[in-house]
Each structure stands twice: as C-alpha cells, then as structure tokens.
Protein chains: 2
Amino acid sequence: MGTTHGHPAALRRDWVDHAIAEISAAGHRSGAARRRVIEALAEHDCCLSAQELHDQLQAGGKPVGIASVYRVVELLLSLRLVQRFDFDGGMSRYEPALPGGEHHHHLVCLKCGDVRPFDDEGLEHAIHSTADSADWAIEGHDVVLSGRCPNCRG
Amino acid sequence: MGTTHGHPAALRRDWVDHAIAEISAAGHRSGAARRRVIEALAEHDCCLSAQELHDQLQAGGKPVGIASVYRVVELLLSLRLVQRFDFDGGMSRYEPALPGGEHHHHLVCLKCGDVRPFDDEGLEHAIHSTADSADWAIEGHDVVLSGRCPNCRG
DNA sequence: GTTCCTGCAAAATTTTTGCATCAGT
DNA sequence: ACTGATGCAAAAATTTTGCAGGAAC
C-alpha cells in the first residue's frame, strides 16, 4: 500500500487560495464564515464533520454558526472544491478536493470509528480503467476499506 | 467493465434462508418483521433505504413498523448479513451480503440520484492487493463511482 | 445603497429509544 | 410461562430553511 499520510501542507495552503478565488469567480462574496470554514478544512489532512468544523472554529476563537458551516460546505461542494464522505450512516464528512486531482481514499475502523487516509497507485489505476469503460460519464470515485485498526485488532 | 446486473435471483433466495438460519444461530427468534424485511431485501438486486423497505412492505400488505425496519437492518448488519451504504448524506441504504462473498459496487448518478450495481474483476483484484498489504485487518470494502447516467448525460 | 452573507431559531428529515403488548420458543 | 420481538409515539441527532440584522462590494 502507498503512503498513509495526508496531502502535503503546501498543497492544502494553495487550496485555500484556490477555493477563495473560485468562489469569487463564481460571483460570490468572501465573508468571514466562508474564510474560516475553508481555513479549518485546510488544517487537516483528512475529512471533518460539520460539527467538528463548528467546534474547532469555536475553540479557536473564530466561531461560525452551524447553519453557516452547512451552507459553506454545500457551496464548496457545488463548486467541487470539497468532497463529501458518508462512512457510517451518521454525519457527513468533508475534505478539500485539491486542484491537481490528488486525493486519497479511506480506512475506517469498525470498532473505534477512526478514519485514516491512504493511497495506492495500483488501485487508482484499476479504478480509472473501470471508469473509462463505463457507460456513464464518471466524474469522481471513492474507495472505503473497513476493518480493525492496529489498536483495535487485539 | 463487468456485468451491470445484480446477483442471480437464486443466490438472493438462498440468502433468505441463510439469514434466517444465522439469526436463529445467534440466539434470536424469527418474528414476522424480520422475515418480511429479509424477504423485501432479497427481492431487489440493489440497495434499499429503510423508508423504501417500509413503503414496499406496506404496499404489499405486509406492513412493518419503521422502527422495526431499522431494528431488523441493524441486527442484520451486526451479523454481517447486509451491507450498509451511504451515498449522498441523506438516508442509508441496505443490501444483502451474499454468503459466497459475491458482491458488487455502485454507480451513483449525481443528477437523478439513480444507483446501479456493477462489478469489475480487475478492480476487485486491485482492492484485495491493497487490503492484503494494509496495516489494518480489512473486513470489507466498497467502491462508489459517481457521475452522469446515460439518461442524464445530455 | 444594494445585495448577499451570517447567525439564531424553528422546521424537516432520518434514526433511535421507551414502553406496553404480542408472539415465539 | 417466560423472554424476546414488535408497533406506536416520543426523543435524539443531523441537516435545512426563514428571517432579521450586518457585511461586502
């Protein structure tokens, strides 16, 4: 398997500027809630829930109403600036969709709920082959492997 | 890409007996709600939401309370007799986990929301390679390709 | 100054739980 | 008979929406 760390911090910093520019290009304004949510997303190397974004921003002294968090991630989603993940039937999680197309997939622990990113070039290649031969116009993909993390494997 | 139809009806019929036997083996009883939900799941070749199961059973004259639908799918999930999918942040969907390990993955239309099963042996192989080399004890996996279905492609 | 953005509160949606009753063993 | 299963209704959790005030352009 490939690396299990997230994306380089530099790419995530670029993504902040990219996201703000795209929002502006789409005719929207740049308010505090938008900037704060975008920065919070960029601080992490894996996906965050709306509640986690809200709590983290509040703890950092830059509070954003939960409704605004949802509105910002929905806007980002509509501009394809974030990807949404739904692992466990509870809440959705969001992470930056980096402009270069770099992305990772996810390992989810069935016991403790931990989520970790991973990437694998062979798997990526197989997915593109599949997508290319599909009858659909494929725009995105996601792979989730579920099991026991090293801590919970006992 | 492989076939895009679901599993053979015979496999799904076997699954009904398998599921009931497993529930019994786990020390549970065989009530009407359980049998009805299991049969409803087996009638389809792709995943259904709790509300769809509830509505379909009611329309078929075999009503099951929505709370029971949720309790049955949760029981099936805990015994690994169904797999749960969360495609779009809304409701969860459930489909039989066939005993032989046969399974498919999903194409989700970003426009109309349609979900269709597909399978691809090369992709499956790549996933197993990835899973085998992971630091985790992988127990399951899922792949979702999203895009435009033939009807929505324009 | 106008229009969009934001936060709060209320509503909508999906899922879970409490409890009395009923059914399976 | 005993214990677990079911349905209804209430509650909980997550997400969306209405509206009034404030900020961006």
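Throughout, a chain's letter reflects where its sequence line sits, starting with A, and its residues are numbered from 1. Side chains included, hydrogens not; waters and symmetry mates left out as well; all remaining heavy atoms used.
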Measure the [atom1]-[atom2] distance between [X] and [Y] for me, rounded to the nearest 0.5 Å.
X        : Y        : atom1 : atom2 : answer
B:Leu41  : B:Arg36  : CG    : CZ    : 14.5 Å
B:Asp88  : B:Cys109 : CG    : SG    : 12.0 Å
B:Ile38  : B:Leu75  : CD1   : CG    : 8.0 Å
B:Glu124 : B:His105 : CD    : NE2   : 4.0 Å

Does any residue of [range] have a heavy atom under 4.0 Å from DNA chain C, and if so, which ones, in number order?
range                     : value
residues 83-92 of chain B : B:Met91, B:Ser92
residues 19-44 of chain A : A:His28, A:Arg29, A:Gly31, A:Ala32, A:Ala33, A:Arg34
residues 53-79 of chain B : B:Ala67, B:Tyr70, B:Arg71

State which residue, out of B:Gln56, B:Arg13, B:Arg12, fulfils the side-chain hydrogen bond (donor to acceptor under 3.5 Å, both in side chains) condition with B:Glu43.
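Running side-chain hydrogen bond (donor to acceptor under 3.5 Å, both in side chains) over B:Gln56, B:Arg13, B:Arg12 with B:Glu43 returns exactly one hit, B:Gln56.
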Do A:Leu107 and B:Ile138 come close enough that some side-chain heavy atom pair is under 4.5 Å?
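The answer is yes, as the side chains (C-beta and beyond) meet within the 4.5 Å cut-off.
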Contact list for DNA chain D against residues 108-115 of chain A - heavy-atom distance below 4.0 Å
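Within residues 108-115 of chain A, no residue comes under 4.0 Å of DNA chain D.
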For the helix from C:dG1-D:dC25 to C:dT25-D:dA1, how many degrees between its two end axes (five pairs per end), to the nearest 10°?
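Helix axis angle between the two ends: 30°.
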Give me the first and last nucleotide of DNA chain C, going 5' to 3', that has any atom under 4.0 Å from a heavy atom of chain A.
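Extent of the interface on DNA chain C: C:dT3 to C:dA9.
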B:Phe118-B:His106 aromatic ring centre distance below 6.0 Å:
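No; B:His106 has its ring centre 6.0 Å or more from that of B:Phe118.
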